[in-house]
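In the text below, chain A, chain B and the rest are named by the order of the sequence lines, each starting its count at 1.
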Amino acid sequence: MIEARGVTEDVGAVYLHCDVDKMYYSVEALESPALADEARAVIISVDPREYPRAVVTTANGVARSIGITSGMSTAIATRLAREQGVEVVYVPPRHDVYSRYSRRLMDLLRTETPLLEQRSIDEAALDWQQHGFAPEPVARLRERILKEIGLSVSFGLAANLLVAKMASEVAKGREDHLCVVGPGEEAAFLAPLSVRALVGIGPKSEARLRGFEISTIGQLAEQPLAWLVEQFGAAYGRYLHHASRGEDDSTLVGEHTYKSVSAEHTFARDTVDRVEIWQRLQAQAQEVSERLRHERLVASEVAIKVRYGVTWETITRQQQGARRGCGGAHAQVVDAATDPADRPARGQARARARRRSADAARVNTPSPKGRGGSARPLEDVEPAGEAVGDVDQAIRGDEHVVELDARTAWWRLGHEVRDLARSGRIGDVHDAQASVEPRDVDHVGIDQAAGPHLVQVVRAESSAA
DNA sequence: TCTGGGGTCCTAGGACCC
DNA sequence: TCTGGGGTCCTAGGACCC
């Protein structure tokens, strides 16, 4: 609202999206000033000689100039550097340090707005209505952050959250690190950008769109809604239609509530060692358990996810546990393994385990996008002033996660497992059933009768792809 | 050359109920 | 004895984001 000649005029929403430039690298450079003008390629990553499957989290300008980008395999980045005669420095990531800086930044930003929503460790969206679209207040904020924290932040200013975020990306390449998109200018601002730049369009969708000779957001915006829905499904089709026109009516919701909690791990080398896999699984169950307890959450669904093989195939098994009345769980164990002997030179398989909690539907608010409104992830059992009994329940639910995981002990028990081991690798398991009956899992004790379920959990795969 | 770890959301299909 | 159609719940899989 602005006051003009005594009349209050509604100027509509204004959002400021903030995005820290090269967050991890910038923090490391603040902590170790010599890094700031390092002439070598600095890669924030564990050393690939120790962890061959490491990836680049962030890289400095020198590294970027030779084509090293975030998410790239560190081994590949290293090779790129070698080919171009550039020396490389690896700086192992220190997430606790980045989190500390992140908290300081968010605290500072909160002093400048009535409503802030943290979007990731280095991004936030702010209600900026009180300042409007003028560049000066943003410039002052940027200076303040530089002075008080030392980080360089880029800003996008727009009438909706989607465009503000995309503007902040464009701002990174500008000297003043600010991009303002005035009301009504959204579609024109987006039109020349690549479809890949649109939030929600990744490699797969980009490829499909290019197949239709659609390469810019402007071209996407020209497509009829009905056609997009037909090609991409109801929700995504509608999203593409509106987003490409710069339309977004989402609003800031303030504090974030988790819908899932998970832990995952990628083995340094492929493995079929069931004891090793089992131990890792247990450790991750423990980790998720502790986090749930710490957050005082009850989970109602458990999922296990395994990813492996040349094609990085992912299989998941999940089970709701809410029926049992104390939450239940949702754990994911991601990634397993194939026999390295099969692919000696490549070692594609990675294994990780993720445990995720979810769904204890009894908390009132139905999911805005949920299917019937009853299922809700993660129940917060300690809203202010909750009774102790509820805390007990939280812990019970939490133990349930572990318990359900313990049921999985059949992984390594029984002669069936020996049979499986003899088969050499997961991909060789035959006659597996494609699904796990929840009833079966309920009845599974830690006994040999449960053995065959292993086959169900790690579904048979055709060999060697 | 060979792919981290933490998340979110959507869709398809089967089971089950009425 | 064979079979409809709608709604909901649940599971598996996939795409995407930082």
Side-chain angles (χ1 to χ4, degrees), chain A residues 19-20 23-24 44-46 48 51-58 70-80 82-83 93 95 98 102 118-123 165 169 196 198-208 232-239 256-268 270 284 287-288 291 300-308 310-323 330 332 334-335 343 345-359 361 367-375 377-378 434-438 459:
Chain A
D19 192 332
V20 180
M23 169 96 170
Y24 293 3
I44 311 296
S45 163
V46 291
Y51 298 92
R53 287 172 170 160
V55 297
V56 175
T57 60
T58 322
S70 299
M72 175 182 276
S73 151
T74 307
I76 294 172
T78 303
R79 192 183 54 108
L80 264 178
R82 197 190 313 123
E83 283 171 2
H95 295 280
Y98 312 144
S102 178
Q118 185 169 354
R119 294 294 183 88
S120 74
I121 194 167
D122 72 336
E123 286 184 33
K165 176 176 169 52
E169 282 300 315
R196 186 66 175 82
L198 188 62
V199 178
I201 296 184
K204 305 280 184 181
S205 301
E206 179 190 22
R208 283 197 63 197
F232 295 94
Y236 194 46
R238 273 196 294 272
Y239 170 77
H256 183 71
T257 54
Y258 282 103
K259 296 181 174 63
S260 68
V261 173
S262 66
E264 54 187 76
H265 173 76
T266 301
F267 289 103
D270 297 350
Q284 292 175 234
E287 182 188 332
V288 170
R291 284 171 58 196
S300 73
E301 200 172 299
V302 175
I304 294 175
K305 190 153 126 189
V306 178
R307 175 176 286 174
Y308 64 99
V310 260
T311 55
W312 260 39
E313 183 156 1
T314 304
I315 63 177
T316 62
R317 293 294 178 268
Q318 57 189 293
Q319 182 191 350
Q320 294 214 346
R323 293 188 288 292
H330 178 114
Q332 288 189 326
V334 193
D335 270 14
R343 304 172 182 79
R346 314 194 43 154
Q348 239 78 357
R350 77 186 181 138
R352 57 183 182 175
R354 161 184 285 187
R355 202 150 257 97
R356 154 195 281 192
S357 79
D359 272 54
S367 165
K369 287 162 186 155
R371 287 154 310 198
S374 77
L378 290 180
S435 67
V436 176
E437 290 292 325
R459 189 186 58 189

### Summary
Per atom distances to the A/Arg317 side chain, the nearest of C/dA12, C/dT11, B/dC2 is C/dA12

### Message
Check this one for me: any side-chain N or O of A/Thr314 less than 4.0 Å away from OP1 or OP2 of C/dA12?
### Response
no

### Message
Please confirm whether the shortest side-chain N or O distance from A/Gln318 to OP1 or OP2 of C/dT11 is below 4.0 Å.
### Response
no

#### Entry: Of the listed nucleotides B/dC10, B/dT3, C/dC10, the one nearest the side chain of A/Ala235
B/dC10

### Task
With C1' as the reference atom in both, quote the distance from C/dT3 to B/dC17 in angstrom, rounded to an integer.
16 Å

### Message
Can you identify which nucleotide, out of C/dA12, B/dG5, B/dC2, has its nearest atom closest to the A/Ala75 side chain?
### Response
B/dC2

### Query
Tell me: CZ of A/Phe267 to P of B/dG5, nearest whole Å?
10 Å

### Closest listed nucleotide, where the reference is the side chain of A/Arg291 and the choices are B/dC9, B/dG5, B/dG7
B/dG7

### Query
For the pair made of NZ in A/Lys259 and P in B/dG6, what is the distance, rounded to whole Å?
19 Å

### Message
What contact category does A/Gln118 fall into here, base, sugar-phosphate, or nothing, at under 4.0 angstrom with non-hydrogen atoms?
### Response
nothing

### Task
Quick one: closest heavy-atom pair of A/Arg196 and A/Ile201, and the distance?
NH1-O, 3.0 Å

### Query
Mind checking the P distance from B/dG14 to C/dG4? Whole angstroms is fine.
16 Å

#### Entry: Atom pair CG/NZ of A/Leu198 and A/Lys165 - distance to nearest 0.5 Å
11.0 Å

### Message
Quick check against the 3.5 Å criterion: does A/Thr78 have a side-chain atom that pairs as donor or acceptor with the backbone of A/Thr74?
### Response
yes

### Query
When the distance from CD of A/Gln319 to P of C/dC9 is rounded to whole Å, what number comes out?
18 Å

### A/His95 and A/Tyr24 aromatic ring geometry - parallel, tilted or perpendicular at 30°/60° bounds
perpendicular

### Message
For a quick test of reading the model, state the closest non-hydrogen atom pair linking A/Ala75 to A/Pro52 and the distance between them.
### Response
CB-O, 4.5 Å

### Shortest non-hydrogen separation from A/Ala54 to A/Val46 and the atoms involved
CB-CG2, 3.4 Å

### Summary
To the nearest angstrom, the CD1-C1' distance between A/Ile304 and C/dG13 comes to 16 Å

### Task
Could you state the atom-to-atom distance from OH of A/Tyr258 to C1' of B/dG6 in whole Å?
8 Å

### Task
Considering non-hydrogen atoms only, spot the tightest contact between A/Arg53 and A/Ala268 and give its length.
NH1-O, 3.6 Å

### Task
In whole angstrom, give the distance that lies between atom OH of A/Tyr239 and atom C1' of C/dA15.
13 Å

### Message
Closest approach to the side chain of A/Ile315, judged atom by atom: which nucleotide of B/dG7, C/dT11, C/dG13 is it?
### Response
C/dG13

### Query
For DNA chain C, what is the dot-bracket line, given that a base pair needs Watson-Crick (N1 to N3, plus N6-O4 or O6-N4) or G-U wobble (N1-O2 and O6-N3) geometry with both distances under 3.5 Å, and | means paired with another strand?
....||||||||||||||

### Message
Which label fits A/Phe232 and A/Tyr236: parallel for a plane angle under 30°, tilted from 30 to 60°, or perpendicular past 60°?
### Response
perpendicular

### Message
Which nucleotide wins on minimum distance to the side chain of A/Ala234, given the candidates B/dG6, C/dA12, B/dT11?
### Response
B/dT11

### Task
Would you check if A/Pro93 and A/Tyr98 make a side-chain contact, meaning some heavy-atom pair closer than 4.5 Å?
yes

All N/O contacts under 3.5 Å from nucleotides 16-18 of chain C to the protein, with atom names and distances to one decimal?
from	atom 1	to	atom 2	distance (Å)
C/dC16	OP1	A/Gly202	N	2.9
C/dC16	OP1	A/Gly202	O	3.4
C/dC16	OP1	A/Ser205	N	2.8
C/dC16	OP1	A/Ser205	OG	2.5
C/dC16	OP2	A/Lys204	N	3.0
C/dC16	O5'	A/Gly202	N	3.3
C/dC17	OP1	A/Gly200	N	2.8
C/dC17	OP1	A/Ile201	N	3.4
C/dC17	OP1	A/Ile201	O	3.4
C/dC18	OP1	A/Lys165	NZ	2.5
C/dC18	O3'	A/Ser120	OG	2.7
C/dC18	O3'	A/Asp122	OD1	3.0

### Task
Specify the residue among A/Arg79 and A/Gly71 whose closest nucleotide of DNA chain B lies further upstream toward the 5′ end.
A/Arg79

#### Entry: Exam field: side chain A/Thr57 to backbone A/Ile44, donor-acceptor pair closer than 3.5 Å
yes

